[in-house]
Amino acid sequence: MNAHEKKTINGYPFIRYEHETYPDAEIANRSRIFYEWMNQRRTVRDFSDKPVPETIIHTLILTASTAPSGAHRQPWTFCLVKSPDMKRKIREAAEKEEHESYTNRMSEEWLEAIRPLQTDWQKPFLETAPYLIVVFKKLYDINADGSKSTNYYVSESVGLACGFLLAAIHHAGLVALTHTPSPMNFLSKILNRPENEKPFLLIPVGYPAEETYVPDLTRKPLNEILIRY
Ligand code: IYR
């Protein structure tokens with residue numbers, strides 16, 4: 001690729017944006033194909049233990065990191081857990097919290113809402129899946145001199161990065177689960193994260209188990225999610 005044309009605006013460096021576009025008919029086709037592909041993505045809870053080369057996961061995380069973020073602070077850390085010992089520690093701690101949540105903390109209304117998913121406090125996938133990606137949000141950055149810089153729209157930014165990550169995982173031909181054991185602070189301890197980072201989402205990644213069933217869910221049609229003005 002040619003070097004981008006550069007200029008400065010008020011002293012700040014800018015590069016010319018080289019954007020590829022297509023005729024409308026091709027855009028329509030591409031958008032339809034991408035929708036149909038994304039509409040096949042499902043959250044999977046039964047993982048195969050089949051290994052996945054780690055460099056693939058690195059690439060998926062790079063894709064996640066292309067998400068936009070407030071003031072371009074990229075306020076995220078992705079902890080990649082492959083070690084069986086670490087996965088076991090995470091499973092034990094998550095199941096302890098989840099057992100308490102399912103038996104005492106979640107309301108009857110909440111339990112009723114998730115009954116169609118048929119989940120419970122047991123989380124064997126935390127050991128079966130070849131990788132756990134634990135996403136942390138960075139509320140602020142710690143500079144080299146020890147001072148702190150605030151980050152902006154941290155949850156929105158990290159949520160977007162997680163969305164990109166799930167799309168990349170599906171596109172690659174792997175499956176994932178968005179898991180939010182609650183409370184999640186045990187992850188900071190086990191993974192030894194600094195105090196400016198808070199756990200955001202735990203994403204087991206791998207291949208689905210040979211015979212995998214997912215809830216027979218439907219997605220809302222356009223007329224329920226779109227209001228035109
Ligand atoms: N965190 C629990 C419970 C749970 C909550 C929601 I909201 C779900 O969509 C699914 C599960 C668990 O992971 O089992």
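Since this is a predicted model, take the numbers as computed values, not measurements. Whatever order the structure lists them in is the order used to number ligands and atoms, beginning at 1. These numbers come from the heavy atoms of this one structure, side chains and all, not from hydrogens, waters or symmetry mates.
- Side-chain atoms of Y140 and E195 form a donor-acceptor pair, as typed in the model, at a separation below 3.5 Å.
- Taking only nitrogen or oxygen atoms, main chain and side chain alike, H179 reaches within less than 3.5 Å of ligand 1.
- Protein heavy atom in closest approach to atom 1 (N) of ligand 1: E98 OE2, 3.1 Å.
- Sorted by first and then second residue, the salt bridge (Lys or Arg N to Asp or Glu O under 4.0 Å) pairs involving residues 40-63 (not counting sequence neighbours) are E54-K82.
- Selection from L111, L117, T43 by nearest heavy atom to atom 10 (C) of ligand 1 gives L117.
- When each atom of ligand 1 is checked for a heavy atom of T180 under 4.0 Å away, the hits are 1 (N).
- The pair K96-E92 does not count as a salt bridge, with every side-chain nitrogen at least 4.0 angstrom from each carboxylate oxygen.
- For ligand 1, one of its N or O atoms has an N or O atom of Y102 under 3.5 Å away.
- The closest donor-acceptor contact from the side chain of R30 to the backbone of Y22 lies at 3.5 Å or more, if one exists at all.
- Ranking protein heavy atoms by distance to atom 4 (C) of ligand 1, first place goes to I114 CD1, 3.8 Å.
- Judged as a side chain to side chain donor-acceptor pair (under 3.5 Å), and not counting sequence neighbours, the contacts of Y35 are N39.
- Using a 4.0 Å cut-off to heavy atoms of K123, the atoms of ligand 1 that qualify are 12 (C), 13 (O), 14 (O).
- Judged by distance alone, with hydrogens and angles left aside, the side-chain atoms of N143 form no donor-acceptor pair with the main-chain N or O of D145 at under 3.5 Å.
- The protein heavy-atom contact nearest to atom 7 (I) of ligand 1 is W110 NE1, 3.5 Å.
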